[in-house]
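Below you'll find the structure, written out as structure tokens, and then a few comments.
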Amino acid sequence: MSFSQKIIFWYSANKRSLPWRNTKDPYKIWLSEIMLQQTRVSQGMPYYERFVEQFPTVHDLAKASEEEVLKLWQGLGYYSRARNLHTTSKLVSEKYNGNFPNTYKELLSLKGVGDYTASAIASFCFNEAQPVVDGNVYRVLSRYFGIDLPINSTEGITYFKALSLKVMDANQIADYNQGIMEFGALLCAPKNPYCLHCPLSDSCVALQKGKINVFPVKLKKAKVKERYFNYLVVLDKFNHIEIRQRRGKGIWQNLFEFPLLETEKEYSLEEVKKTMGAILELKEASEIYQFNEKTIVHRLSHQHLHTKFWIVKSEEKRKNGVSFDKLKEYPVPVLIAEFINAFKF
DNA sequence: AAAGCGGGGCC
DNA sequence: GGCCCAGCTTT
């Protein structure tokens with residue numbers, strides 16, 4: 001059996017039952033693929049179910065507001081995916097009459113759809129012979145063929161796409177693509193792969209050389225940035241809380257948060273009192289204290305956010321104030337959602 | 001070519 | 001603590 005035949009055979013016996021495997025609806029395939037970008041199946045699954053429930057068709061998604069979409073996306077991360085999802089849904093709904101493009105090339109033009117996602121939709125829905133190259137595929141191919149080109153270098157990306165085109169089964173592209181990803185996720189795992197039960201072990205270069213843990217080769221990434229956040233939770237005389245929407249570049253674009261004082265280091269109560277005027281028009285605060293005893297370190301992939309929540313009580317009526325119940329309806333980062341859950345009047 | 005973008009789970 | 005996950009876009 002060829003490489004692709006072994007993959008397809010293994011897949012037929014070992015595939016998981018996943019909700020988006022019961023359909024060829026391009027809308028649902030597209031939705032699932034966007035959600036699963038850099039995201040584990042187990043994490044994306046409940047979001048997929050909720051989206052399909054709330055937005056059964058691309059038209060339903062297109063009619064929603066961005067805030068609704070972001071709220072349903074809350075907690076899944078990489079929020080540009082949600083914004084692009086919404087943009088593309090409106091395009092498909094309004095300009096394409098609800099029909100997704102049916103070729104790899106046209107799919108690539110959609111916002112949020114890159115090489116992987118275009119290949120996935122084109123192959124799963126329309127049987128177009130485009131191989132998917134995701135993290136699983138990089139791992140399987142680099143090990144099996146012993147390729148030490150960094151998978152996140154331009155040269156590596158080109159090489160693995162070309163190699164994929166060579167080894168794929170164009171006549172069973174959907175099963176081949178699903179199969180190699182499933183194989184990478186379940187058997188040829190990043191750590192402790194099940195080489196003893198591997199149908200490809202006879203001819204796996206990495207295994208034969210005892211270099212399973214060397215592949216895939218990856219260029220190392222930039223180091224994590226430390227940031228210091230002071231959230232000012234302003235409670236006015238109506239017990240309304242001031243919120244703002246993050247605009248511009250950076251993390252959490254278009255999500256809501258409290259007025260934020262970002263500093264170069266951790267700030268004390270005195271330092272916050274002294275400088276909060278820069279971001280807050282506040283005549284006088286009757287009371288201010290730190291809510292969390294210890295600094296919260298919210299860890300993102302690329303940033304550590306050292307965070308203090310300061311409760312600021314004011315006798316004024318504040319603008320942009322919302323009640324505690326309303327607050328829960330806004331899309332917010334997990335860091336803020338956890339504060340809201342912990343906060344009691 | 002490199003940087004930026006979330007959050008969670010596993011070792 | 002580091003690594004990785006059905007990657008894409010912007011600089």
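Chain letters run A, B, ... following the sequence lines, proteins first and then strands; every chain starts at 1. Only this structure's heavy atoms are used, side chains among them; waters, hydrogens and symmetry mates stay out.
Using a 4.0 Å cut-off, some side-chain N or O of A:Trp252 falls inside it from OP1 or OP2 of B:dG7. Contact annotation: A:His302 side-chain N/O to B:dA3 OP1/OP2 distance is not under 4.0 Å.
Among A:Phe309, A:Phe229, A:Trp310, A:Phe324, the single residue meeting the ring pair (Phe, Tyr, Trp, His ring centres under 6.0 Å) criterion with A:Phe339 is A:Phe309.
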Side-chain donor-acceptor pairs of residues 183-210 of chain A under 3.5 Å, sequence neighbours excluded:
{"unit_1": "A:Ser201", "atom_1": "OG", "unit_2": "A:Cys198", "atom_2": "O", "d": "3.0"}
{"unit_1": "A:Ser203", "atom_1": "OG", "unit_2": "A:Tyr144", "atom_2": "OH", "d": "2.8"}
{"unit_1": "A:Gln208", "atom_1": "NE2", "unit_2": "A:Asp202", "atom_2": "O", "d": "2.4"}

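First and last contacting nucleotides of DNA chain C toward chain A (any atom under 4.0 angstrom from a heavy atom, 5' to 3' order): C:dG2 to C:dT11.
With 3.5 Å as the limit, one finds no donor-acceptor pair spanning the side chains of A:Tyr330 and A:Gln245.
Counting atom types as modelled, A:Thr39 pairs a side-chain N or O with a base atom of B:dG6 as donor and acceptor under 3.5 Å.
Remark: the separation of the C1' atoms in C:dC4 and B:dC5 is 16 Å, to the nearest Å. B:dA1 and C:dC5 are spaced 23 Å apart, taking the C1' atom of each and rounding to whole Å.
The residue A:Gly44 sits apart from the nucleic acid: no heavy atom pair falls under 4.0 Å.
Inter-residue side-chain proximity for A:Ile180 and A:Phe3 is flagged as met; some heavy-atom pair is nearer than 4.5 Å.
Counting to the nearest Å, the P atom of B:dC10 and the CD atom of A:Gln43 are 12 Å from each other.
Every stem involving DNA chain C, taken as at least 3 paired positions in a row under the Watson-Crick or G-U wobble test at 3.5 Å, is listed here: B:1-5 with C:7-11, B:7-11 with C:1-5.
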